[in-house]
Amino acid sequence: MAGKKMPYYNRELSWMDFNARVLEEATKKENPLMERLRFLAITGSNLDEFFMVRVAGVKAQVSANHKPKESFDLSPAELLTELEEKTHKFMEKQYSCLHRSIMPALNKRGIRFVTCDEMDEKQLAYLSDYFDKVLFPVLTPLAVDGSRPFPLLANKSVNIAVILKSKEGEKHYAIVQVPSILPRFLELPSESGRIFTLLEDVITYKLPELFELHEIKASCPFRITRDSDLEIDEEAEDFMSEVKKSIKRRKRGRPVRLEILQKCEKSIRSFLVDMLKIKKSEIYQLPGPLDLTFFSKFAGVSGFESMCFQPIRPVAPADFWGYDDIFQAIREKDRMVHHPYESFDCVVQFIEQAAQDENVLAIKQTLYRVSGNSPIVASLIKAAENGKQVTVLVELKARFDEENNINWATQLEKAGCHVIYGLHGLKTHCKIALVVRQEEDGIRRYLHLGTGNYNDSTAKIYTDLGMFTCNDQYGADASSLFNVITGYSRPPEYNRFAVAPHGLRNFFIRMIKAETVNARQGLPCGITAKVNSLVDPEIIGLLYEASQAGVPIRLVVRGICCLIPGLTGVSENITVISIVGQLLEHSRIFRFENAGMPKIYLGSADWMQRNLDRRVELVFPVEDPDLKERAFGILETLLNDNTNARSMSSDTVYHHVNRRGKPAFSSQLTFYRQAKERLAELQPNLEDSPLIPIHSAEETDTH
């Protein structure tokens, strides 16, 4: 690309396109109705985080007069203008989808949201009773005047601004927060269908009871989103208390978006703009309701199951079928599991068995995001109580999971585990668990390596791959990696692993360049990669070079993609698809043709600067011939998706993959069918005999 400006699509604009693909799922009539609502809610929570972190960051760059690092990227001021235009249009589309498409479909099924004016006497009586017994005791009306300043309102909370008139005719302002501790919607008694109302409508109806000495002149719900990008002083002596302080600062961040109803009275709007020091471009006037994220809870209301996807219930992994002793299974050969089609239970059991096994000497594990009630953490605590050496790296800087991780770190320390809070200046994002076991022929190391977090909750809705091995070379690499994380050990030469921040960028550069050389020499070549995001300019430049040399490159990129495929003379040998469906695509897989001896790698890293340069990441090869074939097959299945896949064209627009008369093919449903078939092959007698126990196929709903 020397001398020419490299084609590069801005990451924030690309992220907005990704959220638009999620919104598209909410508009699809073929998706079950409650799932459409759930997709709509996801676009809302995605957008919240985008404003709190990315938009806030761009605004800070504009204020600081920051210049872009790369010549091919937009300046912060140019980007902010585009983002504001794009986010306003996007929110219009969200509400158009809700009011023109989803609400009429709900009404047809007898499911309605009503305001107090539309209720009958019985419903109003029910509402009053709920208000008196449940809602009123929780509410705190806050006056705003000379002696009582405008309150510090919680990020993302829904509030009601009220204009009051006293008996003397004076104008006053007040704020009432809609309590987030209570459900946002309330079901009302109804003779036919199902009738719901929103908490803010109940409060608005009852405002006269909250301000008895005043007349209510006007009221309007509003919501603010605050800058929540944490600045953490990594030099602080007490790192944990520094993270705690920064979480508190997040609650006080500068407002970056004000959402109000379109019918909001001008005087309320002026009052809020004045109090919050908000710019005109930061105001989003919406038809309501504010904060669409509550629809994900609403979609889970009992009785709506027939309007949801058929749940994907994880089955027992075929690789462990028939084994009670997980270590024996791994000793025999490497094992692979594909979540959530196959149960995450085997990962939980790996740590559970290690905690109980008298021959296990030590467990070492990285934790990035764990669930609120984590069985893995419980097992690590049990292992320490059983006298095993337990070392856990808990990443305190995992964004929006900091508080949860602080709680776990404290509990692990109390139990006697050796806890490390991440590394200076780096996030530890690799997914690895090492169990050291004393066996007859000496010490053996057992490993679990994965593409996803040790989180039993998200493992039901994120697609990830995990590999178990006790191969010596992998074991030696794991020990070296933990020594780097826990001590001052110099990054070693790894046998099998490619590890960031010291070796992963070079590994990918080497692998991509090797394919380029093979193409020029007429040898078999090709790159297939599945990542969540592709942002890194150096990797993109090398992929363009490889494409120009004739390397066929197939990319599956769920979210942000700054590479532009299909450009003449630049990237015509590159295709990009994005898969957005029932499950969140999360696994990272890399295949290199390697002159006819293809290699395949799994790992935790996306192709972003932060993953390659500022995090501890791990990418590892799959070498067992059976598992290798299976991993190749997973990539091909993804590339054949014509249901949830959209391909990116050279104008950066995404279009649904053209079926060309082929039957519908969903990679996610295919993986689920394959997981069930693999298990069924091992259970030939299961149909005939009700007495054979089925190994832990989780019965929990995946969404």
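- More than 12 heavy atoms of other shown residues, nucleotides or ligands fall within 6.0 angstrom of atom NZ in Lys59.
- Met34 places a side-chain heavy atom less than 4.5 Å from the side chain of Phe298.
- For the atom pair CD (Glu209) and CD1 (Ile203), the distance works out to 12.5 Å, reported to the nearest 0.5 Å.
- Judged by distance alone, the side chain of Gln61 and the main-chain N or O of His66 form no donor-acceptor pair under 3.5 Å.
- Taking all atoms of both residues into account, the shortest heavy-atom contact from Thr204 to Ser219 is CG2-OG, 3.5 Å.
- Between Leu210 and Val162 the shortest side-chain heavy-atom distance does not fall below 4.5 Å.
- A 4.5 Å side-chain heavy-atom check between Tyr8 and Val535 finds at least one atom pair inside the cut-off.
- Taking every heavy atom of both residues into account, Asn532 and Asp606 meet most closely at N-OD1, 2.7 Å.
- The stretch residues 98-126 participates, sequence neighbours left out, in these salt bridge (Lys or Arg N to Asp or Glu O under 4.0 Å) pairs: Lys122-Glu191.
- When atom types are taken as modelled, the side chain of Asn644 and the backbone of Gly581 share no donor-acceptor pair closer than 3.5 angstrom.
- Here the side chain of Gln123 pairs a donor or acceptor atom with the backbone of Pro189 at under 3.5 angstrom.
- Phe39 has its side chain out of reach of Ile102: every pair of non-hydrogen atoms, C-beta onward, lies at least 4.5 Å apart.
- The pair Lys217-Glu265 does not count as a salt bridge, with every side-chain nitrogen at least 4.0 angstrom from each carboxylate oxygen.
- The line from CD1 of Ile260 to CD1 of Ile268 is 9.0 Å long, rounded to the nearest 0.5 Å.
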- Going through the checks in order, is the side-chain hydrogen bond (donor to acceptor under 3.5 Å, both in side chains) test met by Ser228 and Asn155? CA-CA 9 Å; Ser228 301; Asn155 183 24; 3.2 Å; yes
- Please test Val176 against Leu142 for side chain to side chain contact (heavy atoms under 4.5 Å, CB included), starting from the C-alpha separation and ending with a verdict. CA-CA 6 Å; Val176 185; Leu142 300 164; over 6 Å; no
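- Looking only at side-chain heavy atoms (C-beta outward), Leu124 and Cys116 come within less than 4.5 Å of each other.
- Counting only distance, with no hydrogens or angles, the side chain of Ser101 and the backbone of Leu98 share no donor-acceptor pair below 3.5 Å.
- By the 4.0 Å N-to-carboxylate-O rule, Arg646 lies close enough to Glu25 to be salt-bridged with it.
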- Query: Would Asp145 and Tyr173 count as a side chain to side chain contact (heavy atoms under 4.5 Å, CB included) if you check the C-alpha gap in whole Å, the side-chain angles of each, and the deciding distance to 0.1 Å?
  - Reply: CA-CA 7 Å; Asp145 53 31; Tyr173 290 96; over 6 Å; no
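- Taking the charged nitrogens against the carboxylate oxygens, Glu12 and Arg54 do have a contact shorter than 4.0 Å, which makes a salt bridge.
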- Message: Working note: Arg38 + Cys308, criterion side chain to side chain contact (heavy atoms under 4.5 Å, CB included); need CA distance, chi angles, decisive distance, verdict.
- Response: CA-CA 9 Å; Arg38 229 186 283 263; Cys308 295; 3.7 Å; yes
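- The distance from atom NZ of Lys165 to atom NE2 of His172, rounded to the nearest 0.5 Å, is 11.5 Å.
- Glu305 contributes a side-chain N or O that, together with a main-chain N or O of Gly303, makes up a donor-acceptor pair within less than 3.5 Å.
- Taking 4.0 Å as the cut-off between side-chain N and carboxylate O, Arg615 and Glu395 do not count as a salt-bridged pair.
- When every heavy atom of Phe294 is checked against every heavy atom of Pro289, the shortest pair comes out as CE2-CG, 4.0 Å.
- Within a 6.0 Å radius of CG in Asp129, more than 12 heavy atoms belonging to other residues, nucleotides or ligands are found.
- With a 4.5 Å cut-off on side-chain heavy atoms, Phe196 and Ile111 count as touching.
- In this structure, the separation between NZ on Lys171 and OG on Ser166 is 12.5 Å, given to the nearest 0.5 Å.
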Using residues 78-87 as the side-chain source, report each donor-acceptor pair under 3.5 Å to any protein atom, sequence neighbours left out, with the distance given to one decimal.
from, atom 1, to, atom 2, distance (Å)
Glu78, OE1, Ser75, N, 2.8
Glu78, OE1, Ser75, OG, 3.3
Thr81, OG1, Ala77, O, 3.0
Glu84, OE1, Ser281, OG, 3.3
Glu84, OE2, Ser281, OG, 3.2
Glu85, OE2, Lys89, NZ, 3.2
Lys86, NZ, Tyr9, OH, 3.3
Lys86, NZ, Asp17, OD1, 2.9
Thr87, OG1, Leu83, O, 2.8
Thr87, OG1, Glu84, O, 3.2
Thr87, OG1, Tyr284, OH, 2.7

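- Using the six-membered ring where Trp is involved, His586 and Tyr462 have ring planes that are tilted, between 30° and 60° apart.
- Taken from OG1 in Thr458 to CG in Asp464, the straight-line distance is 7.5 Å, to the nearest 0.5 Å.
- Under a cutoff of 6.0 Å and an axis angle of 45°, Arg257 and Phe51 form a cation-pi pair.
- Residues Ile564 and Met648 share a closest heavy-atom pair of CA-CE, 4.5 Å.
- By the 30° and 60° cut-offs, the orientation of the rings of Phe18 relative to Trp15 is perpendicular.
- With Ser647 contributing its side chain and Ile577 its backbone, the two residues share no donor-acceptor pair below 3.5 Å.
- Contact of the Pro179 side chain with the Thr140 side chain is not registered, since no non-hydrogen atoms from C-beta on lie closer than 4.5 Å.
- Under a 4.0 Å N-O distance rule, the pair Glu24/Arg21 does not qualify as a salt bridge.
- Side-chain atoms of Asn453 never come within 3.5 Å of backbone atoms of Tyr368 as a donor-acceptor pair (strictly under, hydrogens ignored).
- Side-chain atoms of Ser190 never come within 3.5 Å of backbone atoms of Arg194 as a donor-acceptor pair (strictly under, hydrogens ignored).
- Rounded to the nearest 0.5 Å, atoms OG (Ser45) and NZ (Lys156) are 8.0 Å apart.
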- Check the pair Tyr130, Thr197 against side chain to side chain contact (heavy atoms under 4.5 Å, CB included), reporting the backbone distance first and the verdict last. CA-CA 12 Å; Tyr130 178 79; Thr197 193; over 6 Å; no
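- Checked by atom type, the side-chain pair Ser666/Gln668 shows no donor-acceptor distance below 3.5 Å.
- Formation of a donor-acceptor pair under 3.5 Å by the Gln582 side chain with backbone atoms of Gln310 is found in this model.
- Heavy atoms only, all atoms of each residue included: Pro141 and Phe211 are closest at CB-CZ, 3.6 Å.
- Proximity of Arg184 to Leu198: side-chain heavy atoms (C-beta onward) are separated by under 4.5 Å at one or more points.
- Of all non-hydrogen atoms in Ala299 and Phe304, the two that sit nearest each other are O-CB, 4.1 Å.
- A donor-acceptor pair under 3.5 Å is absent between the side-chain atoms of Asn31 and the main chain of Arg36, judged by distance alone.
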